[in-house]
Amino acid sequence: MSETQANAEQTMPSAVGAGERTPIPSAYDIPIEDILPVNARLWSEHRWIEYFERLRAENPVHFNQTELAGRFWSLTKYKDIKAVDSDWQNFSSANGITLGLPVDAELPEGALGISTFIAQDPPTHDVQRKTVTGIVAPRSLVEMESLIRERTCTILDALPEGETFDWVNTVSIELTTMMLATLFDFPFEDRSKLTHWSDVTFAIPQPGGIIESEDDRRKELLECLEYFTRLKEERLKNPGSDLVSMLAHGEDTKDMSPMNYLGNLLLLIVGGNDTTRNTMSASIYALNKFPEQYDKLVANPELIPKMVAEVIRWQTPLAYMRRTANSDCEIGGKQIKQGDQILMWYASGNRDPDVFENADDLDIERPNARQHLSFGFGIHRCMGNRLAELQMRILWEEILARFDKIEVQAEPERTFSSFVNGYTHLPVKVTRKKG
Ligand code: HEM
């Protein structure tokens, strides 16, 4: 989430040998060393599964080197991912959490120098995380539950019947944006700005896209900072129990630089938005793809919490996190050099047949679904995991109370990113329960 790392995937040549319009070849038709897991097309065209299947079987610790990013490794097996994620002493987050420029590269011209606690090691990480973690403490979640339910009901009650509409925009984005506005106590009428800044943070610049250049990103994020600086001034005078007040008054965060403030805001905006949004859409899609699982859920709504964990495994809303090796070391028999970037592919670990049987299938009674990697491990383990699960549980309790069916009308369109594994459009039709 800083510009030394931002989107090194965007300008990468497609190492699967495919130009913009050439179809992506089968994973088994190219030399294994040419597989480039960060190629965003593998994700937007939903071809990543077979590529990672091959890597897990033939080359589980996979090396790439590109002009932009330098040397980097892809971990594809559950046990290697968990081991690296749990070991912050040897594998640092301080150089960034997505694939970026080599660690000794200079900041690109015009870079803002944003920093955030997910991309820090102890002690900075720990004190900044501690400042905001109360927002998702068990008591706080209990207090939020009725508001989340009320909003969920309002949105579900307003859905048109018998008409195709986009689930992503109408339900997933609406619900997660409202949640974010609550966490920040952000002016409700301006809440769509939060979704926009969330999208801008990881968007790959392209003509007609969310942003067209790095300069666009910079301008948009500076607007975000300006808006939140005004909020901070307000909260300094009138503190509440929201995230802005926590950062403004916290002993370890009150004097942070504007770019550290912006970084932490973006972390909380993206963390609370893209991930849960894509889980909501994924649950609809997955339960359509596996209709016998949907029938099982309808017959026994007590399975909702298990279904939620299983969807989070199956989808893996953040496909990977990056670390940087602090010293020369060995992983899976491969020699890693100090400064090498290491991508922990949660999406692949979650499909590892050594841990999850028939891992490509959705099984809402899977006994070990909760062992998924989607929230990470160790000191950076997702702070908002309980909140995301709560939002999902409520959504499905209210769906089952109202609808007989939610039918997907066409294949979804997917996010052009190898980091955010999500959906941009999911056309559906709903049928309400009679009587
Ligand atoms: C299904 C939904 C979600 C998924 C899949 C998800 C995933 C993740 C992952 C993979 C990490 C990094 C873990 C690591 O490096 O070991 C993370 C960290 C984080 N997440 Fe989430 N997240 C979700 C929802 C949320 C929500 C709702 C919030 C907002 C409150 C949130 C806030 C954070 C924060 C603040 C961090 C940084 C933690 C740290 O560095 O100590 N996440 N999340």
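The chain is numbered in sequence order, starting from 1. Whatever order the structure lists them in is the order used to number ligands and atoms, beginning at 1.
For the residue pair Asp360 and Trp314, the shortest heavy atom distance occurs at O-NE1, 3.1 Å. Of all the heavy atoms in Met383 and Leu268, the pair that sits closest is CE-CD2, 4.0 Å.
Contact annotation: for Phe377 versus ligand 1, heavy atoms closer than 4.0 Å belong to the backbone alone. With a heavy-atom cut-off of 4.0 Å, Asp85 touches ligand 1 through its side chain alone. Under 4.0 Å from ligand 1, heavy atoms of Cys382 appear from its side chain as well as its backbone. In His125, the part holding a heavy atom less than 4.0 Å from any atom of ligand 1 is the side chain. The side chain of Met321, and not its backbone, has at least one atom closer than 4.0 Å to an atom of ligand 1 (non-hydrogen atoms only; side chain from C-beta on). When heavy-atom distances to ligand 1 are checked against a 4.0 Å cut-off, His380 comes that close through both its backbone and its side chain.
Within the structure, ligand 1 lacks Glu389 among the residues with a heavy atom less than 4.0 angstrom away. Contact between Lys82 and ligand 1 is absent, with no heavy atom of the residue lying under 4.0 Å from the ligand. Residue contact check for ligand 1: Ile379 places a non-hydrogen atom closer than 4.0 Å to it. Using a non-hydrogen distance threshold of 4.0 Å, Ser374 registers as a contact of ligand 1.
The residues Glu214 and Arg217 are annotated as salt-bridged, a charged nitrogen and a carboxylate oxygen being separated by less than 4.0 angstrom. Using a 4.0 Å cut-off between charged nitrogen and carboxylate oxygen, Asp363 and Lys306 do not count as a salt-bridge pair. In this structure, Arg277 pairs ionically with Asp274, as a charged nitrogen and a carboxylate oxygen lie closer than 4.0 Å.
In terms of protein heavy-atom proximity, atom 32 (C) of ligand 1 is nearest to Gly384 N, 3.8 Å. Among all protein heavy atoms, the one lying closest to atom 4 (C) of ligand 1 is Phe375 CE2, 3.5 Å. Here the protein heavy atom with the shortest distance to atom 14 (C) of ligand 1 is Tyr346 OH, 3.4 Å. For atom 33 (C) of ligand 1, the nearest protein heavy atom (residue, atom name, distance) is Met383 N, 3.8 Å. Scanning the protein for heavy atoms near atom 3 (C) of ligand 1, the closest one is Thr275 CB, 3.3 Å. The nearest heavy-atom contact from the protein to atom 26 (C) of ligand 1 is Gly271 O, 3.1 Å. From the protein, the heavy atom lying nearest to atom 1 (C) of ligand 1 is Thr279 OG1, 3.3 Å.
A donor atom on one side chain and an acceptor atom on the other are not found under 3.5 Å apart for Gln293 and Asp361.
For the pair Arg230 and Tyr227, the cation-pi criterion (under 6.0 Å, within 45° of the ring axis) is fulfilled.
Side-chain contact check for Glu398 versus Arg149: some heavy-atom pair is nearer than 4.5 Å. Within the 4.5 Å cutoff, the side chain of Tyr261 has heavy atoms near those of the Val244 side chain. The closest side-chain heavy-atom distance from Leu287 to Trp396 is below 4.5 Å.
In summary, the atoms of ligand 1 found under 4.0 Å from a heavy atom of Arg323, numbered by their order in the structure, are 14 (C), 15 (O), 16 (O). Taking every non-hydrogen atom of Arg129 and a distance limit under 4.0 Å, the qualifying atoms of ligand 1 come out as 38 (C), 39 (C), 41 (O).
Backbone and side-chain nitrogen or oxygen atoms of Ile312 are examined, and none is located within less than 3.5 angstrom of a nitrogen or oxygen of ligand 1. Of the polar atoms of Ala388, none of the N or O atoms is found under 3.5 Å from an N or O of ligand 1, judged by distance alone.
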Report the C-alpha distance between Glu310 and Arg366 in whole Å, list the side-chain angles of each, state the deciding distance to 0.1 Å, and finish with yes or no for salt bridge (charged side-chain N to carboxylate O under 4.0 Å, His left out). CA-CA 7 Å; Glu310 172 66 351; Arg366 187 181 290 285; 3.0 Å; yes
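Side chain of Asp87 to backbone of Asn90: a donor-acceptor contact under 3.5 angstrom is found.
Using cut-offs of 30° and 60° on the angle between ring planes, the pair Phe52 and Trp345 is tilted.
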